[in-house]
Participant: 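Pasting a structure here, questions to come.
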Amino acid sequence: MPDSNPSNPSNDSNQADQLHAMRHSLAHIMATAVQHLWPEAKFGVGPVVENGFYYDIDLGKAKVSEEDFGKIEAEMAKIITADEPFTKSEKPVDEAIAWAQQAKQPYKEELLNDLKRAGTTVAKDLNADELGTITEGDAQVANVSFYQNGDFTDLCRGPHVESTGKTGAFKLLRVAGAYWRGNEKNPQMQRLYGVAFATDQELHNHLALIEEAKKRDHRKLGQELDLFTISDLVGPGLPLFTPRGTVLRNELVRFSEELQRTAGYEAVWTPHMTKVELYQASGHYEKYPERFDVSSVESTDKFMLKPMNCPHVTQIYASRPRSYRDLPLRYMETTTMYRDEKSGELHGLSRVRALTQDDSHAFVRPDQIEEEMSNILGMVKQMYLTLGMDLSVDLSFRDDGDNYFGDPKVWKAAQDILEGVAKAQELNYKIELGEAAFYGPKIDIHVADALGRKWQCATVQLDFVQPERFGLEYIDEHGAKQRPAMIHKAILGSIERFLSVYIEHTAGKFPIWLAPEQVRVITVNQEEATVAFADKILSQAKEKGVRLYVDNSNESVGKKIRAAEVAKVPYTLVIGEKEIASSEVIPRIRKDMAVMDVPMTIGIDQFIGTVVNEAKSRVLKTSL
RNA sequence: GCCACCUUAGCUCAGCUGGUUAGAGCAUCAGUUUUGUAAACUGAGGGUCGUCGGUUCGAAUCCGACAGGUGGCUCCA
């Protein structure tokens, strides 16, 4: 494949533009190849995405599968070898519409019609970058631009590389279904994805990275490290946690609850089942009627499993009169809830039907909102700093749609408060319009997994709507009734989702405080004295709460060490005659961990003490 | 839910275009060995080839439905 060197390699933005043009040109070349192979193809849009490009294509009854990639790539190679120039032209928009009709490209025609009406259209996915928009802003579009290569012409804003030969290295990766303009009600097209880079070497590196990411997949590691399982009999989206996986869950929750307790939160407990009326009162039923699978238990009441927690907690607040002196009232509950996710959306631990949140709700006076939110963000920062993970922060605000409950003025005020807090906390945030919950704006914290996919973990939500709907109140200093605000938060978010990200982040090399097995003792032989010594170490560990296992199997020492390494156990102690005689051990330390903290030779008591301290202080010793 | 693909032992995978009792490595179990820092040796058990139905003299292999999974799309209170 021919390389294309940017004209000015020292200029990064120039290089980025060049790569963008290459990828975009490859999208056109792929479309050209598809048109050669399936002349009836109707084209949607073909933008550049991270690491590559895609094109949405409708072949009618015919379907592209990954088996076809060979011949598509071969056809693309022909086009690239032909080194056809990309030539730009402009047409008045009406002429362009006529072209689309004549070329039997209904999707292009629709886009052009929208462009013509630009300013009145509300299609937010009308991505101006990918179209031939000449004018900017809301004005009507007069002219649109086209690019032609060989026998393929496409509505396109450009820019492109000069000719098809200058497109670098690429590979088609997969085909997926994608709804036209991202709307479920529209026809589904086939989206052909490719990756592309300036050089073969970069492409090779990227593909190697994908392979590496596969090794860290939490579903694979969950099996290998014996953390969780998903049984067909129990059902999809309902993971079961083994003893080792449960250690991870419990330790994380313990930390989260410690942080919350320090910040004044008190534990509450609510049942996992409720009458449907609760969710009619909260407004959730109205918003998600199809999600409430209802079972009748007794009498005429209809019950459901709780899909969330806040409406339940409002009833604890409402159970007695509250004074302004009582606020903030802070309730926390780490609890499991149940949501009927669509089958195609389930994914390992990231998206499940039974999810556990380290949830909390603070009921606060308006003057207490900022401080409470700051405290919460402090907890979030401390959690993720301890775990060594990077955050990205979104302020999820409402858009102009009518999906939201409550007074828009109150919304504006709530959003201003959130942004103020984000600024005060010096968060590097971006605002996402239309991402708010129906009851209020959110601060959403995202963490990336090994494949670079971002997952929402922590969330802080400011809610004036539910206190209103449930008629929550407190008596102020003048004896008047006032309405509290409600602040929802989760630090880990869904524990299951958090674990999916965290397992991939660490590749299963957990720090001492989280490691399901902190120490493994390997016996050199099975003689009585050795077994007795191992037992003694084991009981000392148990006494101090250290998670230690003994491998006394009749295998070679080398094999047992390998097994401990594969299981990613932080410390391994080999015991034999020497250790029994001296009562000292030489801890073998997992490779990713710093070596200096533990001396070469150490007494058993002292070693156990070190492990206890490291776990207690939640040291992050791994270099990932 | 939608589109493409996948499903053979606990795990990772062979099994060519349909043709006798479906294989391997790891893991498990048993025996030998009593082991000193990333894999001792020998042997054994383990699969109605995801399920159901169809085509065929004959199906792990071809077709269909269903289930589960993978990658996306849509959704995520």
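In what follows, chains carry the letters A, B, and so on, assigned in the order in which the sequence lines appear, proteins first and then strands, with residues in each chain numbered from 1. Since we're looking at a predicted model, the values are computed, not measured. Any value given below was found using the heavy atoms of this structure, including those in side chains, with hydrogens, waters and symmetry copies removed.
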Participant: Side chains of Tyr285(A) and Glu277(A): donor-acceptor distance under 3.5 Å anywhere?
Facilitator: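 The answer is no; no qualifying pair exists.
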Participant: OP1 or OP2 of U74(B) sitting under 4.0 Å from any side-chain N/O of Arg191(A)?
Facilitator: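 Indeed not, no polar side-chain atom of Arg191(A) lies that close.
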Participant: Does either side chain, that of Ser494(A) or that of Glu496(A), offer a donor lying less than 3.5 Å from an acceptor on the other one?
Facilitator: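 Yes, side-chain donor-acceptor contact under 3.5 Å.
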Participant: Would the base of C76(B) count as contacting Arg351(A) through its side chain, where contact means a donor and an acceptor less than 3.5 Å apart?
Facilitator: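 Indeed there is one.
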Participant: Quick one: look up who G43(B) pairs with, Watson-Crick or G-U, both distances under 3.5 Å, and put none if it's unpaired.
Facilitator: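 Its partner is C29(B).
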Participant: Relative to each other, are the rings of Tyr439(A) and His488(A) parallel, tilted or perpendicular (30° and 60° limits)?
Facilitator: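 Ring orientation of Tyr439(A) relative to His488(A): parallel.
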Participant: Rounded to the nearest angstrom, tell me the gap between atom CG in Asn552(A) and atom C1' in U35(B).
Facilitator: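 Spelled out: CG on Asn552(A) to C1' on U35(B) is 12 Å.
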Participant: Going 5' to 3' along nucleotides 39-51 of chain B, which nucleotides have protein heavy atoms under 4.0 Å from the base (write B), which only from the sugar-phosphate (write S), and which from neither (write -)?
Facilitator: BB-----------
Participant: Phe228(A) vs Phe241(A) aromatic rings, parallel, tilted or perpendicular, using cut-offs 30° and 60°?
Facilitator: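 Ring orientation of Phe228(A) relative to Phe241(A): tilted.
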Participant: With a 3.5 Å cut-off and no angle check, do the side chains of Thr270(A) and Glu333(A) form a donor-acceptor pair?
Facilitator: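 Per modelled atom types, Thr270(A) and Glu333(A) side chains form a pair under 3.5 Å.
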Participant: Does the base of U34(B) carry an N or O that pairs as donor and acceptor with the side chain of Glu527(A) under 3.5 Å?
Facilitator: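 Between U34(B) and Glu527(A), which were checked side chain against base, a qualifying N/O pair under 3.5 Å is absent.
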Participant: Please compare Lys220(A) and Met189(A) by the position of their nearest nucleotide in RNA chain B and report the one closer to 5'.
Facilitator: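 Nearer the 5' end of the strand: Met189(A).
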Participant: Which value, in whole Å, describes the distance between the P atoms of nucleotides G47(B) and G10(B)?
Facilitator: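 Between the two P atoms, the distance is 8 Å.
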Participant: Does the plane of the ring in His284(A) sit parallel, tilted or perpendicular to the ring in Phe438(A)? Use 30° and 60° as the thresholds.
Facilitator: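 Correct class here is perpendicular.
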Participant: Using only heavy-atom distances, decide whether a donor-acceptor pair under 3.5 angstrom links the side-chain of Glu579(A) to the base of G36(B).
Facilitator: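 Yes, the side chain and the base share a sub-3.5 Å donor-acceptor pair.
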Participant: For the base of G72(B), is there a side-chain donor-acceptor partner from Tyr179(A) under 3.5 Å away?
Facilitator: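 Such a pair does not exist between side chain and base.
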